[in-house]
Amino acid sequence: MNSDLATIPFVDLSFQHQSIQSQLDEAIQCVMQRGDFVLGQAVTAFEQAFAQACGAAHGVGVACGTDAIALGLQACGIGTGDEVILPANTFVATLIGVLRTGATPVLVDCDPQTALIDLAAAERAITPKTRAIVPVHLYGQLVSPAQLRDLSTTYNLLIFEDAAQAHLAEREGQRAGSIGIGAAFSFYPSKNLGAFGDGGMVVVQDEIIAQTLRSLRNYGASRKYFHTDYGTNSRLDTLQAAILQTKLPHLVGWNCDRFHIAQHYDTLLEPLSDFGIFPIENHSGSGHVYHLYVIRVTDLCPIDRQTLQSELEQHRIQTGIHYPLPCHLQPAFKQLGYAAGAFPYAETLCQEILSLPMYPGLSDRQIEQVVDTITCVVTAAQSKVLSDVVKVA
Ligand SMILES: *Cc1c(COP(=O)(O)O)cnc(C)c1O
């Protein structure tokens with residue numbers, strides 16, 4: 001292996017920013033000149049453009065994705081006494097968002113192949129108090145819209161999408177943000193559409209819910225100094241909106257790049273299935289927007305995930321784990337009362353998953369270097385296992 005190769009970072013945003021540097025500078029200048037830093041012109045413009053891109057009627061910009069989940073659910077009428085179903089293997093923000101409404105979160109297991117919420121498990125978790133389900137379009141792949149709709153109509157449940165990893169993702173002809181009563185997006189810098197700081201948005205179809213959200217994010221004021229809701233201060237900054245508006249026209253192209261990178265990984269990784277390494281399955285074809293490219297290092301592999309990750313680090317390839325501990329085993333959420341073993345698939349995945357470098361601008365050479373390195377590390381481990389077997393024999 002060539003050890004002089006440069007570091008391959010897990011995420012590198014410089015490619016996207018360089019390609020539109022002057023447009024970004026101009027957008028930032030424009031906000032500075034106007035001086036409308038809070039709820040300015042660019043916020044409204046971006047809300048309309050992003051909602052339209054999602055196939056939703058309204059967009060309401062908020063401070064971050066976590067607030068988008070909490071305020072979005074609240075505006076849809078979710079609160080104390082309601083049960084809300086969500087997957088155990090998500091970023092904790094999904095759970096925090098649900099808890100902040102006062103509702104009771106009900107966690108369920110995932111499908112081990114796609115890592116998406118197991119809707120059969122969700123169905124079993126429904127009680128007379130269940131009001132909503134929060135499907136998380138994890139890693140950039142939608143939870144099946146058709147199956148979600150079936151569940152929602154059979155049991156009269158609201159669907160509120162956590163689309164923080166799925167900007168413009170599609171499945172069965174539907175787009176993230178157009179499936180449920182509402183959807184939450186995050187514009188954290190490394191998301192498929194990222195700001196230069198925090199940002200988020202709720203997209204909804206209903207005008208009244210949109211109005212409630214505009215009030216909730218702005219101290220609960222329906223007009224200036226007249227407070228109809230117990231709201232908060234959670235607004236998308238005008239500067240961030242202007243940056244996001246500038247990036248939005250490029251998102252389709254950047255998502256395409258991600259898809260091609262994923263296809264390249266898929267092809268090169270194929271032979272490693274013999275060594276127990278499998279990519280998380282894509283069940284949505286070209287609609288997957290690959291926020292993350294995740295492989296499973298199963299117990300058929302001669303080395304474990306942790307060893308593979310540190311070997312890659314030594315070869316200057318940075319990787320991530322999304323996420324190492326499921327929500328129900330986080331110390332902060334002990335009071336929910338779930339024990340280890342409650343969600344076996346989610347727990348096993350946490351041990352197996354490894355996110356490989358993925359960002360627009362990652363080159364073919366870099367992709368090849370990542371897979372070559374994994375192959376070398378794994379085959380070396382395999383021959384060691386075999387020679388140990390020979391020694392024992
Ligand atoms: C990033 C993310 C969030 C939270 O968004 P923030 O903007 O960081 O608050 C919520 N859910 C999922 C699945 C995410 O990936």
Side-chain angles (χ1 to χ4, degrees), residues 10-11 13 46 50 54 59-74 84-101 105 107-108 110 114-117 132-143 159-169 176-177 179-180 182-203 213 216-217 232-237 240-241 243-244 247 255 258 280 288-294 320-328 330 332-333 346 349-350 353 355 358-359:
F10 177 60
V11 176
L13 303 176
F46 177 61
F50 189 72
C54 297
V60 181
V62 294
C64 62
T66 310
D67 283 356
I69 298 166
L71 299 176
L73 286 169
Q74 192 185 337
V84 175
I85 294 175
L86 69 154
N89 65 322
T90 179
F91 183 52
V92 285
T94 319
L95 176 58
I96 292 170
V98 171
L99 281 166
R100 271 177 47 194
T101 66
L107 301 181
V108 299
C110 61
T114 62
L116 297 174
I117 186 169
I133 177 166
V134 181
V136 179
H137 303 317
L138 199 68
Y139 306 150
Q141 167 161 229
L142 297 197
V143 178
I159 301 167
F160 188 89
E161 306 164 61
D162 181 342
Q165 302 188 356
H167 312 71
L168 305 190
I179 301 163
F185 287 88
S186 164
F187 305 117
Y188 181 81
S190 63
K191 304 284 162 135
N192 291 38
L193 181 61
F196 287 180
D198 280 307
M201 193 179 295
V202 188
V203 302
L213 273 162
L216 286 176
R217 72 170 169 185
T232 186
N233 176 351
S234 175
R235 300 168 299 215
L236 176 64
D237 287 343
Q240 302 301 348
I243 289 160
L244 291 162
K247 286 182 155 198
N255 279 346
R258 289 175 181 273
I280 292 290
H288 197 320
V289 296
Y290 285 100
H291 172 57
L292 295 168
Y293 186 89
V294 179
I321 298 169
H322 301 87
Y323 299 90
L325 197 60
C327 289
H328 67 290
Q330 297 287 352
F333 305 113
L349 270 181
C350 287
I353 47 179
S355 309
M358 166 58 83
Y359 48 86

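Atoms within each ligand, like the ligands themselves, are counted from 1 in listed order.
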For a quick test of your reading: what N or O donor-acceptor pairs under 3.5 Å do the side chains of residues 191-201 make, sequence neighbours left out?
unit_1	atom_1	unit_2	atom_2	d
Asn192	OD1	His291	ND1	3.0
Asn192	ND2	Asn255	OD1	2.9
Asn192	ND2	Val289	O	2.9

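- Annotation: the span from Glu161 atom CD to His137 atom NE2 amounts to 3.5 Å, rounded to 0.5 Å.
- Within the 3.5 Å criterion, the main-chain N or O of Ala63 finds a donor-acceptor partner in the side chain of Ser234.
- Between the NE2 atom in His322 and the CG atom in Asn89 there is a gap of 13.0 Å [rounded to 0.5 Å].
- At least one donor-acceptor pair under 3.5 Å links the side chain of Arg217 to the backbone N or O of Gly61.
- Closest heavy-atom contact between Ala115 and Leu138: O-CD2, 3.5 Å.
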Less than 3.5 Å apart, N/O on ligand 1 and N/O on the protein: could you list those pairs with the distances?
unit_1	atom_1	unit_2	atom_2	d
ligand 1	5 (O)	Ser186	OG	3.3
ligand 1	7 (O)	Gly65	N	2.7
ligand 1	7 (O)	Ser186	OG	2.7
ligand 1	9 (O)	Gly65	N	3.3
ligand 1	9 (O)	Thr66	N	2.8
ligand 1	9 (O)	Thr66	OG1	2.6
ligand 1	11 (N)	Asp162	OD1	3.3
ligand 1	11 (N)	Asp162	OD2	2.8
ligand 1	15 (O)	Gln165	NE2	2.8
ligand 1	15 (O)	Lys191	NZ	2.7

